[in-house]
Number of protein chains: 2
Amino acid sequence: MSKSHKRSGVSLAEVAKAAGVSKMTASRVLRNASGFSAETRDRVMREVERLGYVPNRIAAAFGSEQTSTIVGVCVPHLSSTLYGTVLDSINHAFSRFGYQTIIGSHENEPEAEEAWVRNILSWRPAGVIISGRTHTTATIELLKAQAVPIVEIWNLNTSPLDISVGFNHYDCGREMGQYMLSKGRRRIGYVGAEANAPGMGAARLEGFEEALRASDRPLATKEVLIDRPGFYAGFYGTETVLNRAGDIDAIYFQDDAMAIGGMFYCQSKGIDIPGDVGIAGWGSMEVASVIPQRLTTTAVGTQSLGKSAAEALISRIRGEPVDDVIVAPTRLVPGNTV
Amino acid sequence: MSKSHKRSGVSLAEVAKAAGVSKMTASRVLRNASGFSAETRDRVMREVERLGYVPNRIAAAFGSEQTSTIVGVCVPHLSSTLYGTVLDSINHAFSRFGYQTIIGSHENEPEAEEAWVRNILSWRPAGVIISGRTHTTATIELLKAQAVPIVEIWNLNTSPLDISVGFNHYDCGREMGQYMLSKGRRRIGYVGAEANAPGMGAARLEGFEEALRASDRPLATKEVLIDRPGFYAGFYGTETVLNRAGDIDAIYFQDDAMAIGGMFYCQSKGIDIPGDVGIAGWGSMEVASVIPQRLTTTAVGTQSLGKSAAEALISRIRGEPVDDVIVAPTRLVPGNTV
DNA sequence: TGCCATTGAGTTACCGGTAACGCAACCAAA
DNA sequence: TTTGGTTGCGTTACCGGTAACTCAATGGCA
C-alpha cells in the first residue's frame with residue numbers, strides 16, 4: 001500500500017467555494033461564531049459533510065495564537081497506576097474542554113524534563129503540567145520566559161511557579177508516624193526505592209522522621225533501594241532491613257506496592273503481621289483491599305488531584321481567578337497491619 | 001499574577017536580523033540542514049542563545065506539511081499498568097525520534113475513539129496508534145480519507161487497516177486451555193469483566209473455549225462482570241462462579257489482577273489452590289511474583305509491543321518497508337496454581 | 001419618513017516558518 | 001582560460017486559517 005504523504009486534505013477555501021460563500025463565512029460557521037444565517041450554516045455544513053472536510057488546527061493555531069488547544073503533561077512515568085490515574089483524570093478533564101494532551105515522562109531525571117519542556121514549548125501550548133519538586137533552573141527560566149500557565153502537581157509547593165496542586169506528603173508521613181507511635185511501635189524502619197535523583201517519597205520520609213524525632217523515637221533504620229518502587233523492591237528491601245535490624249517492630253514503606261511486597265516477605269518467613277512487625281504503606285492500591293489483611297495506608301485522591309490540576313490550568317488559561325495552592329485529599333486508613 | 005497571552009516570543013526573523021543573515025539561513029542552521037558556513041552557524045546560534053529563541057513548530061508544521069512530528073495514541077485507559085507500560089514504551093520510542101505523543105483514552109467505547117480520531121486528525125499527525133478490534137465505520141473512513149499511517153495495537157489483526165502489532169490473544173487462550181487440560185482439569189470456568197462494549201479479553205476466551213471444546217470438556221461456567229477488570233472484580237466473580245458451580249476444578253481469569261483477586265477469595269474461604277481449584281491469569285503482573293504461590297499465567301511483552309508499534313509507525317512514516325502484521329511475544333508461564 | 005443599530009456577509013493582511021529557485025563566488029579539471 | 005560543479009546565502013511565494021475592518025441590506029423606532 002503506498003501512502004502518499006502529500007497535502008491531501010480538503011481546505012476551508014474549497015468548502016467555502018462549494019457552498020458559494022467566502023472563506024471567512026465558512027470559518028465563522030465552523031467555529032460557531034456569530035454572523036451568518038441559518039440557511040448559510042446549513043449550506044456550509046452540507047459541503048463540510050459532503051467533502052469530508054477535517055479542520056486544520058495547525059493552521060488555526062498558527063493564524064491566531066490565542067487558539068492553541070494543546071496542553072503538555074509530564075509525569076515521572078506512565079506505567080504506574082498512581083500516575084496513570086492522575087493522567088487519566090487530567091486527560092478526561094482536558095478533552096471535555098477541547099484540549100489535546102501531549103504527554104511526557106522524565107523518570108525523575110530533571111534533565112529529561114528540561115528536554116521535554118523545551119520540546120513542548122515549541123508547540124506553543126496553552127498550558128503545561130509538570131510534576132515533582134525538582135526542576136533545573138533552565139526549565140524554570142524557559143517556562144517563565146514563555147509566560148505559559150503552569151501547574152505543578154504531586155508535591156504541594158507553597159510558593160509555586162504559578163499553580164501547585166499536590167498532596168501534602170510531609171503531613172502524610174507525619175500523620176503515619178504519629179499513628180504508628182500511638183499503636184505502640186517503638187523501633188521503626190523505613191523502606192523506599194528511587195531509580196534516579198530525588199524521588200517522590202522524600203517528603204513523606206521527612207514528615208515521618210520528624211514525627212518520630214518529636215517523640216524521641218528516631219527512625220531506627222532506613223533502606224532506600226536504587227530501583228523502581230514496586231513489589232519486588234518492597235520484598236527485598238524488607239529482607240535487607242530485617243537482616244540489618246532484626247529488632248524493629250514496624251516498617252513504613254514508600255508506597256503500597258512496596259508494603260505489599262514486604263508483607264509477603266514476612267509471610268514467607270513466618271513473621272507475624274502485625275504481631276512481630278507492623279507495616280504501613282501509602283497510596284491505597286486496589287490490591288491492598290483484597291489481600292487477607294487490610295493494609296494500613298494513606299488513601300490518596302489521585303483522580304481528584306488530576307481533575308483539580310486540569311481545571312485549575314483551564315481557569316488560568318481563561319484568565320479566571322484560581323487558587324495558587326490546592327491541596328489534594330489524603331486520609332490515613334487504619335487497617336490491621338499496624 | 002497577570003499572564004499575558006499575547007504573541008510574546010522571539011521569532012526566527014529577529015534572530016536572523018541580529019545575526020545579520022536571512023531568515024532562510026537561520027532556518028537552515030536550526031534545522032541543521034546544509035548550506036551555511038561554520039562561522040555563520042556560530043553567529044546564528046549565539047543569537048539564538050542570547051535571545052532565548054524557542055522554535056515555533058506550529059508554524060513549521062504549517063509551512064511544510066511534511067514536518068508534523070505529532071503522533072496520536074489512543075488506548076482503552078491510562079490507569080492500568082498493562083496499557084501504561086505500552087504507552088510508556090511507545091512514548092519513549094517516539095521521543096527518541098523527535099515525535100510528540102498526543103494521548104487519548106476511549107474506555108472501550110468506539111464512539112469515544114471516533115471523537116478522538118476526529119480531533120487528532122485536525123492536528124495533521126504524522127501517524128496514529130489505535131487499539132482494540134472495534135472501530136466505528138466513521139473512524140475507519142476518517143483515517144482512510146486522511147491517508148495517515150496507522151498502527152492498530154493490542155489485538156493482532158491479520159488484515160489490518162495499515163499495520164497491526166498485537167498479541168495473539170486467541171492462541172494465548174487456546175494454549176492455556178490445553179495446559180489446564182494437561183494438568184488434569186476437567187470442569188473449568190471463566191471469570192472476566194468488561195466495563196463497556198466488546199472487551200479486550202474476548203479473543204482469549206474464544207481460544208480458550210475452543211481448546212476445551214476440542215477435548216470435549218466444554219467451558220463449565222462463565223461469568224463476565226459488568227465492571228472494570230481488577231482485583232475486586234476477580235474476588236467477587238470467583239465468589240459468583242463458585243456459588244453457581246461448586247464442582248468446577250479450575251478457573252481461567254481474564255487477567256492477573258482478577259486471578260489474584262480470585263486467589264484471595266479462595267484463601268479467605270479455605271479453598272486450596274491448586275488442590276481444590278486451579279487458577280490461571282494473563283499478563284504477568286508484577287505482584288503475582290511476590291505472592292506466596294506463583295500464579296500460572298501468560299507473560300506478555302507489553303514493552304516490546306509498544307516499542308515495535310512505535311518503530312513500525314516511524315518506518316511507515318519514513319516510507320521504509322515494514323511488516324504489516326507483527327506479533328508481540330507471549331509465553332505461558334507455569335506457576336503452581338494449576 | 002428618516003436615522004441608527006443590527007445582521008450577514010466579503011476583503012485584506014497577516015501569523016512564522018519552509019520549499020523552491022536564483023545567483024554569485026570559488027575551485028578543480030579539461 | 002573556459003567550463004562545470006559545489007558552496008553559501010538571499011528572494012519569493014506560499015501553507016490555511018483568523019482578526020479586524022468594511023459595507024450593504026434590513027428593520028425598529030422616534
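Source: prediction; values computed, not measured. Residue numbers begin at 1 in each chain, while the letters A, B, ... track the order of the sequences.
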Chemist: Atom CZ of A:R41 to atom P of C:dG8: distance rounded to whole Å?
Modeler: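 Going from CZ in A:R41 over to P in C:dG8 covers 11 Å.
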Chemist: At what angle, to 10 degrees, do the two end axes of the helix from C:dT1-D:dA30 to C:dA30-D:dT1 meet, given five pairs define each axis?
Modeler: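 The two end axes of the helix from C:dT1-D:dA30 to C:dA30-D:dT1 meet at 40°.
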Chemist: Can you list everything that forms a salt bridge (charged side-chain N to carboxylate O under 4.0 Å, His left out) with A:R46? Sequence neighbours excluded, please.
Modeler: none
Chemist: Dump the pairs, protein N or O against N or O of nucleotides 10-14 of chain C, anything under 3.5 Å, distances to one decimal.
Modeler:
residue	atom	partner	partner atom	Å
C:dG10	OP1	A:S22	N	3.4
C:dG10	OP2	A:S22	N	2.8
C:dG10	OP2	A:S22	OG	2.6
C:dG10	OP2	A:T25	OG1	2.6
C:dG10	N7	A:R28	NH2	2.9
C:dG10	O6	A:R28	NH1	3.3
C:dG10	O6	A:R28	NH2	3.3

Chemist: Any side-chain heavy atom of B:W123 sitting closer than 4.5 Å to one from A:I102?
Modeler: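 Contact flag for B:W123/A:I102 side chains = no.
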Chemist: Is B:V71 close to B:I129 at the side-chain level, that is, under 4.5 Å between some pair of heavy atoms?
Modeler: no
Chemist: Would one find a side-chain N or O of B:S34 under 4.0 angstrom from OP1 or OP2 of D:dT7?
Modeler: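 No, no such contact exists.
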Chemist: Can you figure out which of D:dC9, D:dT18, C:dA9 approaches the side chain of B:S37 most closely?
Modeler: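 Out of D:dC9, D:dT18, C:dA9, the nucleotide with an atom closest to B:S37's side chain is D:dC9.
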Chemist: State plainly whether the residues B:E311 and B:K307 are in salt-bridge range, i.e. N to O under 4.0 Å.
Modeler: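 The answer is yes: the pair qualifies as a salt bridge.
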Chemist: Taking only residues at least two apart or on different chains, which pairs with a member in residues 126-153 of chain A satisfy salt bridge (charged side-chain N to carboxylate O under 4.0 Å, His left out)?
Modeler: A:R133-A:E206
Chemist: Strictly distance-based, threshold 3.5 Å: is any side-chain N or O of A:N157 a donor or acceptor partner for the main-chain N or O of A:S159?
Modeler: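 Yes, because the side chain of A:N157 sits within donor-acceptor range (under 3.5 Å) of the backbone of A:S159.
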Chemist: Kindly state whether the pair B:F62 / D:dC15 counts as stacked, where counting means centroids closer than 5.5 Å and planes tilted less than 30° apart.
Modeler: yes
Chemist: Measuring from B:S79:OG to B:E107:CD, what's the distance to the nearest 0.5 Å?
Modeler: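 Answer rounded to 0.5 Å: 7.0 Å.
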Chemist: Could you give the CZ-to-C1' distance, from A:R124 to C:dG16, as a whole number of Å?
Modeler: 9 Å
Chemist: Picking from D:dG16, D:dT18, C:dG8, which would you name as closest to the side chain of A:A60?
Modeler: D:dT18
Chemist: Mind calculating the distance between NZ (B:K17) and P (C:dG17) to the nearest angstrom?
Modeler: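 In whole Å, C:dG17 P lies 15 Å from B:K17 NZ.
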Chemist: Compare the minimum distances between each of C:dG16, D:dC9, C:dG17 and the side chain of B:Y53, then state the nucleotide with the smallest one.
Modeler: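 The answer is C:dG17, which lies nearest to the side chain.
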Chemist: Taking CZ from A:R57 and C1' from C:dC15, how many angstroms apart are they, rounded to a whole number?
Modeler: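 Checked: the CZ to C1' distance equals 18 Å.
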Chemist: In whole angstroms, how far is the C1' atom of C:dG17 from the CD atom of B:E14?
Modeler: 13 Å
Chemist: Under 4.0 Å: is that the gap between some side-chain N or O of B:R43 and OP1 or OP2 of D:dG8?
Modeler: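 No, because none of the side-chain N or O atoms of B:R43 sits under 4.0 Å from OP1 or OP2 of D:dG8.
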Chemist: How many whole angstroms separate atom CZ of B:R31 from atom C1' of D:dC9?
Modeler: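 It is 13 Å, rounded to the nearest whole Å.
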Chemist: Please tell me if the side chains of A:M45 and A:E49 come closer than 4.5 Å, counting only heavy atoms from C-beta onward.
Modeler: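 Answer no - side chains too far apart.
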Chemist: C:dA9, D:dG8, D:dG17: which one has an atom nearest the side-chain heavy atoms of A:A59?
Modeler: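 Nearest to the side-chain atoms of A:A59, counting from C-beta on, is D:dG17.
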Chemist: When the distance from CG of A:N56 to C1' of D:dC15 is rounded to whole Å, what number comes out?
Modeler: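 Value for this atom pair: 9 Å.
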Chemist: Using the side-chain hydrogen bond (donor to acceptor under 3.5 Å, both in side chains) criterion, which residues pair with A:R31? Sequence neighbours excluded.
Modeler: A:S27
Chemist: When the distance from CD1 of A:I58 to C1' of C:dC15 is rounded to whole Å, what number comes out?
Modeler: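 In whole Å, C:dC15 C1' lies 14 Å from A:I58 CD1.
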Chemist: Would you mind telling me which of D:dT18, C:dT18, D:dG17 lies closest to the side-chain atoms of B:S64?
Modeler: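 For the B:S64 side chain, the nearest candidate turns out to be C:dT18.
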Chemist: Please list, chain by chain and in numerical order, all residues satisfying side-chain hydrogen bond (donor to acceptor under 3.5 Å, both in side chains) with B:S105, sequence neighbours excluded.
Modeler: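 Partners of B:S105 under the side-chain hydrogen bond (donor to acceptor under 3.5 Å, both in side chains) test: none.
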